[in-house]
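Encoded as structure tokens, the structure appears first; notes follow it.
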Amino acid sequence: MSDLTEEYQLEYFREEGFVRRECPDCGDHFWTRDEERELCGEPPCEEYGFIDDPGFDEAYSLTEMREAFLSYFEDHGHERIDPYPVAANRWRDDVLLTQASIYDFQPLVTSGRTPPPANPLTVSQPCIRMQDIDNVGKTGRHTMAFEMMAHHAFNAREDLEDPDQYAYEGEVYWKDRTVELCEGLFEDLGADIEAITYIEDPWVGGGNAGPAIEVIYKGAELATLVFMSMEQDPDGEYELKDGNRYSPMDTYIVDTGYGLERWTWMSQGTPTVYEAVYPEAIAFLKENAGIEHTDTQEDLIHRAAKLAGRMDIDEAEDMATARGEIADRLDVDVERLEALMEPLEEIYAIADHCRTLAYMLGDGIVPSNAGTGYLARMVLRRTKRLVDSVGVDAPLDELVDMQAERLGYRNRDTVRDIVRTEVEKYRETLERGGRRVEGLAEEYAERDDPIPLEEIIELYDSHGIQPDTVEEIAAEYGAAVEVPDDFYSLVASRHGGGALDDGSEGVDDRVVDLPGTEKLFYEDQERTEFEAVVLDVIERPDAGEDGGTLYDVALDQTMFYPEGGGQPGDTGTLATDDLTAEVVDVQEADGVVLHRADADPGKGEFVRGQIDATRRRRLMRHHTATHVIGHAAREVLGDHIRQAGAQKGTESARLDVTHYDRIDREAVKTIERVANDMVRENLAVTQEWLDRNDAQANYGFDLFQGGIPAGTEVRVVTVGDDVQACAGTHVGRTGELGAVKILGTERVQDGVERLVFAAGDAAITTTQRTEDALYEAADTLDVDPPAVPDTAERFFEEWKARGKRIEELKEQLAEARAQGGESGEELDLGDATAVVQRLDADMDELRATANALAEEGTVAVIGSGVDGATFVVAVPDGVGINAGEVVSELAGRVGGGGGGPPDFAQGGGPEAEALDDALEDAPDVLRRKLEA
RNA sequence: GGGCCCAUAGCUCAGCGGUAGAGUGCCUCCUUUGCAAGGAGGAUGCCCUGGGUUCGAAUCCCAGUGGGUCCA
């Protein structure tokens with residue numbers, strides 16, 4: 001077994017006269033030009049040495065520093081590329097947010113399947129790390145949003161037998177050049193390169209690993225140089241810090257990260273990073289919140305900030321303890337320090353959070369209850385709480401907009417609209433929650449009990465109310481609340497970890513060995529017949545719907561479109577001279593199209609393929625219509641509209657789009673109109689294979705609506721102004737759609753709306769179905785279709801009025817019966833009288849009659865033979881008979897049951913024929929109950 | 001992607017197998033006529049939709065629709 005020590009013996013270090021040392025404090029090995037140096041230079045071994053003593057020649061703003069970095073690397077042979085969105089889930093499904101520049105190139109570029117946009121390249125990539133959220137503002141150095149400046153080089157081993165297997169070849173540069181470039185940058189900025197230390201710190205992550213170097217200057221880690229060159233391998237020769245074994249890869253990648261904010265901070269030497277990065281925002285917020293400091297206070301803040309930078313808040317779990325220690329060192333009162341620092345910390349956090357929101361919303365993330373949208377919602381709500389707590393009265397959308405403007409976003413109106421909508425939603429949630437808590441607090445305060453933990457968890461988990469909010473409100477009502485320290489892990493335990501089902505079917509070995517199928521459907525989308533050779537037939541382990549055996553037939557070429565991109569696979573037939581096999585489904589695995597058929601045409605046979613042309617045409621129309629609808633929706637609702645999913649069928653299709661509000665009827669009609677304008681213009685639908693990096697550079701990230709495909713080339717489908725990477729089949733011109741009809745919308749989740757629509761003959765069919773329903777309703781009401789709404793309303797109103805009238809009449813009837821003589825025979829029970837009567841009416845009438853009798857002071861036993869046998873028994877006040885018991889006994893005789901309160905009960909059973917017998921026994925039952 | 005919660009009068013909600021309720025708003029009258037006035041009376045419900053269980057469902061079960069919320 002070997003470790004990575006050898007990997008750090010750089011030619012560059014030798015030539016430049018570096019020495020390798022071991023830090024006596026932390027034990028790390030590092031390289032330095034300074035022979036006298038003992039410590040590694042990284043906190044906590046050493047302190048920040050740049051506060052009030054900047055490490056570069058000049059002070060740089062964020063923008064200036066970014067430009068200095070990018071142009072330095074441009075001057076040294078790197079191509080500058082545009083940053084990617086912060087929503088990393090737009091090109092990979094394993095993460096939500098972009099947390100490092102290398103995320104831009106995972107997994108397709110790093111694995112060598114897709115070429116990088118340039119090589120070598122430099123980028124300043126906006127990143128968001130939610131992990132640090134609690135530290136933001138407090139430590140002086142943590143930010144949630146940051147830009148990772150980077151230079152990357154993608155190398156492939158030069159001694160490979162088959163260099164073509166990767167999308168890039170040969171070595172661009174490796175470790176020596178990387179360190180040299182890094183040091184050159186320091187020199188350019190006027191740093192004292194003698195003071196830089198390079199700490200050996202092997203990197204492991206996501207199945208890859210390699211040597212890495214932390215670059216420390218004046219106590220701050222300014223860069224990390226990662227040399228990704230190994231992959232996890234049980235038989236690998238290197239065992240690394242995660243306990244796994246690794247072996248070298250064919251590709252090796254220079255992955256660097258330079259924190260833009262830290263470099264800017266270093267150049268200014270301000271007490272905290274925030275003052276260096278957001279000077280305008282902080283000045284604005286301070287003024288708005290009315291925060292002013294005397295010179296002595298200012299001095300104290302300055303001294304406290306320096307100490308805050310030294311504290312490792314991650315380890316000092318408890319903020320209060322950390323604060324206490326700082327107060328001790330400064331020899332001031334903790335309360336005084338806290339009163340001074342807390343508003344400032346909140347303002348720092350607000351500035352950072354607003355920038356985070358600007359990135360998220362500007363890049364098209366729509367707040368939601370799921371995915372990245374949920375993270376955006378969390379940040380927004382947290383920010384709103386901070387803004388309220390510190391007393392800033394500027395609307396949140398304005399604060400976010402300030403950052404969006406600075407970052408150069410163009411969709412600022414939409415961003416503001418989203419923020420306003422979200423703030424309003426949050427307000428409603430708080431209001432709802434507040435009422436709920438008040439109710440609970442009152443209840444428990446009355447009983448003098450503390451509000452149980454279960455309730456607190458329920459309030460948070462189901463209603464989104466923070467425990468401290470509950471405490472606040474509860475205190476007003478004098479109710480106690482106990483929130484344990486591990487509250488949030490208790491909540492987490494409520495969400496039992498569901499087992500991940502990995503949907504990967506596992507590709508059959510025989511399929512892997514087959515050559516990729518030639519896809520004829522891209523060459524001519526109108527053709528429906530073809531001839532092919534059967535390369536292999538694999539019997540499916542699972543039977544078809546009717547129990548018959550199914551076979552996966554692989555051909556050398558095919559017209560059958562395999563399921564993909566929301567378009568179902570084609571159906572049709574494969575015929576030899578001897579038999580015709582029905583193709584019920586078509587899938588693709590590893591480049592091989594598998595025709596799932598109900599018969600085995602025989603390996604090596606010639607087959608004539610015929611696809612179901614009508615079905616295919618409908619699917620094609622719906623696929624093109626999906627692009628048209630998506631484009632129309634974006635035009636009508638805004639640029640944040642993106643595809644969140646799609647499914648095409650023969651009768652209709654659906655497109656899920658990201659949107660922060662319900663799509664109302666008016667918007668639906670407008671989208672429908674715009675879509676049909678596109679149809680009437682009869683736009684050409686073109687399909688071409690383009691170099692992916694060119695296409696991405698031309699059309700931007702919005703090109704990829706339905707996921708990111710691998711490869712050097714992408715298939716691009718253009719419909720008018722709409723351009724998308726798409727592998728599906730399409731009609732030639734939009735005119736072939738005939739008409740597009742939106743059938744409805746539904747909310748899939750918060751922030752995602754589903755548009756259901758139909759095109760062509762399907763649009764006609766579905767519209768006719770809706771019309772049929774209307775005509776039928778009109779026919780029933782005996783009016784013309786346009787009169788249906790008014791008539792329906794009138795009928796409904798009348799129906800309700802009639803119901804009320806009937807109620808009234810039943811009451812009157814009941815009273816008349818009770819007072820009139822027809823109320824059966826009276827029965828003397830001694831203390832009271834009773835009436836036993838059969839009255840074939842519904843339950844309402846029975847109840848009314850029994851009540852009326854009871855009000856007259858008579859015990860009432862009424863039985864009905866309508867719909868089985870039912871009884872109602874009413875007992876006046878002061879009579880010692882339990883109505884429930886009487887009913888229970890009577891109902892038992894008709895095969896049922898019953899019950900109710902002692903003064904009024906009802907019941908019944910299915911045996912109507914036993915009703916009269918039961919009523920005859922009723923007087924006996926009453927007497928017995930009275931005696932009991 | 002998963003979990004949990006909710007749907008009842010115009011509004012806010014209670015009721016959780018046995019005659020649909022409260023507060024507020026609304027209408028009428030009285031007392032008054034100043035800042036959330038007081039008193040008396042009254043009207044207002046497909047208890048979200050569809051199935052099921054039951055003698056009986058607003059109430060229990062299942063599905064759907066609409067909303068809320070937490071987690072990854």
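Not measured: the values here are computed from a predicted model. Convention: sequence-line order gives letters A, B, ...; per-chain numbering from 1.
For the C1' atoms, the distance from B:G25 to B:U12 is 11 Å, rounded to whole Å. Atom C1' of B:C26 sits at a distance of 36 Å from the matching atom of B:C60, rounded to the whole Å. When the P atom is compared between B:C5 and B:A43, the two are found 38 Å apart, to the nearest whole Å. Separation of the P atoms belonging to B:A14 and B:U33 is 41 Å when rounded to the nearest angstrom. Taking atom C1' in both B:C48 and B:U8, one finds a spacing of 10 Å when rounded to whole Å. The separation of B:A58 from B:U49, taken at their C1' atoms, amounts to 14 Å, rounded to a whole angstrom. Using atom C1' as the reference point in both B:U44 and B:G10, the two lie 9 Å apart (nearest Å). Taking the C1' atom of each, B:A20 and B:G38 are spaced 30 Å apart, rounded to whole Å.
We find that CZ of A:R436 is positioned 14 Å from P of B:C70, with the value rounded to whole Å. A:Q131 places its CD atom 11 Å from the P atom of B:A72, with the value rounded to the nearest Å. Look at CG on A:L430: it is 13 Å from C1' on B:G68, rounded to the nearest Å. The distance between atom CG of A:L846 and atom C1' of B:U19, rounded to the nearest whole Å, is 12 Å. What separates CE of A:M378 from C1' of B:A72 is a distance of 14 Å, to the nearest Å. Atom pair A:E438:CD and B:A14:P shows a separation of 14 Å (rounding to whole Å applied). One can place NE2 of A:H463 at 11 Å from P of B:C70, the figure rounded to the nearest angstrom. Between the CG atom of A:N369 and the P atom of B:C5 there is a distance of 16 Å, rounded to whole Å.
Salt bridge absent: A:E428 and A:K425 never bring a charged side-chain N and a carboxylate O closer than 4.0 Å. Salt-bridge check for A:R838 with A:D840: passed, with a basic side-chain N closer than 4.0 Å to an acidic carboxylate O. One finds a salt bridge joining A:E666 and A:K669 here, because a Lys/Arg side-chain nitrogen approaches an Asp/Glu carboxylate oxygen to under 4.0 Å. Salt-bridge check for A:R385 with A:D388: failed, with every basic side-chain N at 4.0 Å or more from each acidic carboxylate O.
For the residue pair A:P367 and A:I418, the shortest heavy atom distance occurs at CD-CG2, 3.4 Å. The two residues A:H353 and A:M144 make their nearest non-hydrogen contact at ND1-CE, 3.3 Å. Between A:V95 and A:N89, the shortest heavy-atom contact is O-CB, 3.5 Å.
When the side-chain nitrogen and oxygen atoms of A:S462 are compared with OP1 and OP2 of B:C6, none of them lie within a distance under 4.0 Å.
Remark: A:E458, A:Y460, A:D461 in residues 452-461 of chain A come within less than 4.0 Å of RNA chain B through at least one heavy atom.
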Evaluate salt bridge (charged side-chain N to carboxylate O under 4.0 Å, His left out) for A:R928 paired with A:E889, printing each intermediate quantity in order. CA-CA 11 Å; A:R928 252 187 292 125; A:E889 184 158 342; 3.1 Å; yes
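A:Q647 and A:Q567 share no side-chain donor-acceptor pair at under 3.5 Å. Donor-acceptor pairing under 3.5 Å is recorded for the side chains of A:D417 and A:Y660.
A:G371 comes within 4.0 angstrom of a nucleotide base, judged by non-hydrogen atoms across all strands. Within the 4.0 angstrom heavy-atom criterion, base atoms lie near A:N851. Within 4.0 Å (heavy atoms only), A:R381 reaches sugar-phosphate atoms of the nucleic acid but no base atom.
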When you check every protein heavy atom under 4.0 Å of nucleotides 43-67 of chain B, what one-letter string (B, S, -) results, 5' to 3'? -SSB--------B---------SSS
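Aromatic rings from A:W91 and A:F704 are positioned such that their centres are separated by 6.0 Å or more. Centroid-to-centroid, the aromatic rings of A:Y460 and A:F487 come within less than 6.0 Å.
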Structure string for RNA chain B in dot-bracket form, Watson-Crick and G-U at under 3.5 Å, | interchain: (((((((..((((....[..)))).(((((.......))))).....(((((..]....)))))))))))).
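Side-chain proximity of A:A370 to the nucleotides B:A72, B:C5, B:G68 is greatest for B:A72.
For A:G464 and A:D903, each mapped to the nucleotide of RNA chain B holding its nearest heavy atom, the one lying further toward the 5' end belongs to A:D903.
For the side chain to side chain donor-acceptor pair (under 3.5 Å) with A:H659, the lone residue among A:E753, A:H640, A:R642, A:R747 that qualifies is A:H640.
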